[in-house]
Amino acid sequence: MEYEFILRIFVASLLGGIIGLEREYRAKEAGFRTHFLVALGSAVFMIVSAYGFGEVTMDGMTSRWDVSRVAAQVVSGIGFIGAGTIIFRKQENMVSGLTTAAGLWVTAAIGLACGGGMYVLAIAASILVLVGLEAFNFFLHKMDKHRKEQ
């Protein structure tokens with residue numbers, strides 16, 4: 001079972017790192033290392049949550065802990081980290097960092113999916129993230145080019 005856990009955190013780290021490389025290439029606030037660590041940490045939290053506590057005997061009764069509790073706290077924790085990347089620039093009346101925060105949020109979800117052994121879901125989500133980021137960048141570039149021509 002330990003090798004399966006290692007595979008899960010390896011895949012999570014790889015997928016998070018790939019998303020982070022795209023963000024690094026675009027010179028965004030959170031790049032390779034941040035996304036790598038968020039995915040890795042989320043996967044480890046999921047594995048520990050699902051397998052780390054096992055069955056517990058209390059008052060002569062054996063019960064199983066709710067494995068979704070740790071995963072839910074990962075979502076809250078990532079919200080805190082993401083909030084730190086969002087900046088409001090009063091002079092420009094502009095908010096920046098929302099895409100970075102959302103990227104960290106979805107990277108955490110991908111890490112949780114890998115930690116739960118849902119590799120196909122995690123890979124599909126990673127591909128969609130990359131397509132979404134690149135498509136967004138492509139359309140912004142086209143819009144800027146069109147605006148400059150006018």
Side-chain angles (χ1 to χ4, degrees), residues 1-89 94-144:
M1 195 67 174
E2 292 294 321
Y3 291 116
E4 174 67 21
F5 294 157
I6 291 169
L7 177 64
R8 291 178 186 192
I9 64 172
F10 181 78
V11 172
S13 300
L14 180 68
L15 295 175
I18 291 169
I19 293 169
L21 282 175
E22 189 280 335
R23 303 311 289 160
E24 191 91 25
Y25 176 73
R26 301 276 177 223
K28 299 300 178 181
E29 296 86 3
F32 172 78
R33 293 183 303 173
T34 305
H35 285 81
F36 174 89
L37 291 172
V38 165
L40 172 62
S42 297
V44 170
F45 278 125
M46 186 64 170
I47 292 166
V48 169
S49 177
Y51 302 99
F53 302 108
E55 293 182 354
V56 179
T57 303
M58 294 175 62
D59 297 329
M61 298 177 64
T62 302
S63 60
R64 176 104 169 104
W65 294 92
D66 180 10
V67 298
S68 66
R69 296 179 105 186
V70 174
Q73 296 310 309
V74 169
V75 176
S76 299
I78 292 303
F80 177 77
I81 291 173
T85 67
I86 300 170
I87 299 170
F88 176 70
R89 297 183 185 141
M94 188 176 100
V95 176
S96 65
L98 289 173
T99 303
T100 299
L104 291 171
W105 182 68
V106 75
T107 300
I110 290 166
L112 288 172
C114 287
M118 298 180 228
Y119 302 115
V120 174
L121 176 66
I123 292 168
S126 298
I127 290 168
L128 287 172
V129 167
L130 293 170
V131 166
L133 290 171
E134 287 301 311
F136 181 69
N137 190 56
F138 175 77
F139 287 118
L140 279 180
H141 181 71
K142 288 287 188 187
M143 288 172 54
D144 283 344

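Throughout, residue positions are numbered sequentially from 1 according to the sequence presented. As a basis for the values below, the full set of heavy atoms in this structure was taken, side chains included, without hydrogen atoms, waters or symmetry mates. Worth saying up front: this structure is predicted, and the values here are computed from it rather than measured.
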Visitor: Between Lys28 and Glu24, does any NZ, NE, NH1 or NH2 come within less than 4.0 Å of an OD or OE carboxylate oxygen?
Guide: no
Visitor: Just wondering, do Leu133 and Thr99 contact through their side chains at under 4.5 Å, heavy atoms?
Guide: yes
Visitor: Applying ring-ring contact (aromatic ring centres under 6.0 Å, His included) as the test, list every pair that has at least one member in residues 10-34; sequence neighbours left out.
Guide: Phe32-Phe36
Visitor: Considering only heavy atoms from C-beta outward, does the side chain of Leu98 approach that of Ile86 to under 4.5 Å?
Guide: yes
Visitor: Scan the side chains in residues 103-112 for donor-acceptor partners under 3.5 Å anywhere in the protein, sequence neighbours excluded, and list what turns up.
Guide:
from, atom 1, to, atom 2, distance (Å)
Thr107, OG1, Gly103, O, 2.7

Visitor: Could you list all the salt bridge (charged side-chain N to carboxylate O under 4.0 Å, His left out) pairs where at least one residue sits in residues 31-52, not counting sequence neighbours?
Guide: none
Visitor: Is Leu15 close to Cys114 at the side-chain level, that is, under 4.5 Å between some pair of heavy atoms?
Guide: yes
Visitor: Distance from Leu40 atom CG to His35 atom NE2, nearest 0.5 Å?
Guide: 14.0 Å
Visitor: Could you tell me whether the side chain of Arg8 and the main chain of Gly115 form a donor-acceptor pair under 3.5 Å?
Guide: yes
Visitor: Between Arg23 and Thr100, is there a side-chain heavy-atom distance shorter than 4.5 Å?
Guide: yes
Visitor: Looking at side-chain heavy atoms only, is the closest gap between Leu130 and Ile18 below 4.5 Å?
Guide: yes
Visitor: Look up atom CG in Leu14 and atom CD1 in Ile19, then write down how far apart they are to the nearest 0.5 Å.
Guide: 10.0 Å
Visitor: I need the minimum non-hydrogen distance between Phe45 and Val70, along with the two atoms involved.
Guide: O-CG1, 3.6 Å
Visitor: Is there a donor-acceptor contact under 3.5 Å from the side chain of Ser42 to the main chain of Ala39?
Guide: no
Visitor: First locate atom CD of Gln73, then atom CD1 of Ile78, and finally report the distance between them rounded to the nearest 0.5 Å.
Guide: 12.0 Å
